[in-house]
Amino acid sequence: MKTNERIALIGIVVKDSEQVKHVNDLLHEYRQFIIGRMGIPHRKHDLCIISVAIETKQDDIATLSGKLGALKGISAKVLYAS
């Protein structure tokens with residue numbers, strides 16, 4: 001890991017299924033930094049929970065999280081490794 005890079009987990013909650021394409025487009029844009037991802041549909045509440053493990057500069061992580069959170073019906077939060 002480069003000294004200016006961070007490892008983080010981005011938690012994404014998708015409440016508006018029409019935004020899924022936009023979420024996937026953003027994740028594809030950052031694919032070279034993504035270590036792995038997992039999506040869990042929660043049918044009872046008609047939403048999807050996505051976790052994305054990522055390793056890159058803190059600014060890139062914050063930018064991705066901000067872009068995701070700006071989408072209608074999407075919540076995104078970051079947890080950084082210490």
Side-chain angles (χ1 to χ4, degrees):
M1 181 169 69
K2 297 177 186 174
T3 57
N4 63 340
E5 291 188 343
R6 303 282 309 267
I7 296 173
L9 180 68
I10 302 175
I12 306 164
V13 177
V14 180
K15 298 176 196 169
D16 183 350
S17 61
E18 292 184 16
Q19 296 296 328
V20 170
K21 180 186 180 337
H22 299 294
V23 170
N24 284 326
D25 288 347
L26 282 169
L27 294 177
H28 183 73
E29 183 180 328
Y30 286 79
R31 69 190 174 279
Q32 68 269 25
F33 308 121
I34 293 175
I35 301 165
R37 66 186 268 192
M38 175 178 62
I40 304 168
H42 194 320
R43 290 176 189 87
K44 179 180 176 183
H45 294 284
D46 193 30
L47 57 84
C48 184
I49 302 159
I50 303 169
S51 61
V52 178
I54 189 167
E55 181 179 349
T56 188
K57 292 179 274 184
Q58 187 168 344
D59 288 348
D60 291 334
I61 296 168
T63 299
L64 173 57
S65 177
K67 287 179 178 181
L68 289 164
L71 295 172
K72 176 183 164 267
I74 306 295
S75 298
K77 300 293 179 191
V78 179
L79 174 67
Y80 289 97
S82 53

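When a residue number appears, it is its place in the shown sequence, counting from 1.
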Decide yes or no for [X] and [Y]: does some side-chain heavy atom of the first lie under 4.5 Å from some side-chain heavy atom of the second?
| X | Y | answer |
| --- | --- | --- |
| Ile12 | Ile49 | no |
| Leu27 | Glu29 | no |
| Ile61 | Tyr80 | yes |
| Tyr30 | Val52 | no |

same_hphob_cluster([X], [Y]) at 4.5 Å side-chain heavy-atom cutoff:
| X | Y | result |
| --- | --- | --- |
| Leu68 | Val20 | yes |
| Phe33 | Ile10 | yes |
| Val23 | Leu47 | no |
| Ile74 | Ile34 | yes |

Handout entry: Pair Lys72 + Glu18, salt bridge at N-O below 4.0 Å
Key =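 So Lys72 does not pair with Glu18 through a salt bridge.
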
Nearest-0.5 Å distance that lies between atom [atom1] in [X] and atom [atom2] in [Y]:
| X | Y | atom1 | atom2 | result |
| --- | --- | --- | --- | --- |
| Ser65 | Asp60 | OG | CG | 12.5 Å |
| His28 | Lys21 | NE2 | NZ | 10.0 Å |
| Cys48 | Gln19 | SG | CD | 13.5 Å |
| Ile7 | Glu55 | CD1 | CD | 4.5 Å |
| Leu9 | Met38 | CG | CE | 8.5 Å |
| Ile54 | Arg31 | CD1 | CZ | 12.5 Å |

Exercise for the section: Take Ser75 and Lys15, measure what side-chain contact (heavy atoms from CB on, under 4.5 Å) needs, and give me the verdict at the end. Expected result: CA-CA 8 Å; Ser75 298; Lys15 298 176 196 169; 4.1 Å; yes

Exercise for the section: Inspect the surroundings of CG in Asp16 and state if more than 12 heavy atoms from other residues, nucleotides or ligands are less than 6.0 Å away. Expected result: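 Yes, the 6.0 Å shell around CG holds more than 12 heavy atoms from other groups.
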
Exercise for the section: For residues Arg6 and Ala81, report the shortest heavy-atom separation together with the two atoms involved. Expected result: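 Shortest heavy-atom separation between Arg6 and Ala81 comes out as NH2-O, 3.2 Å.
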
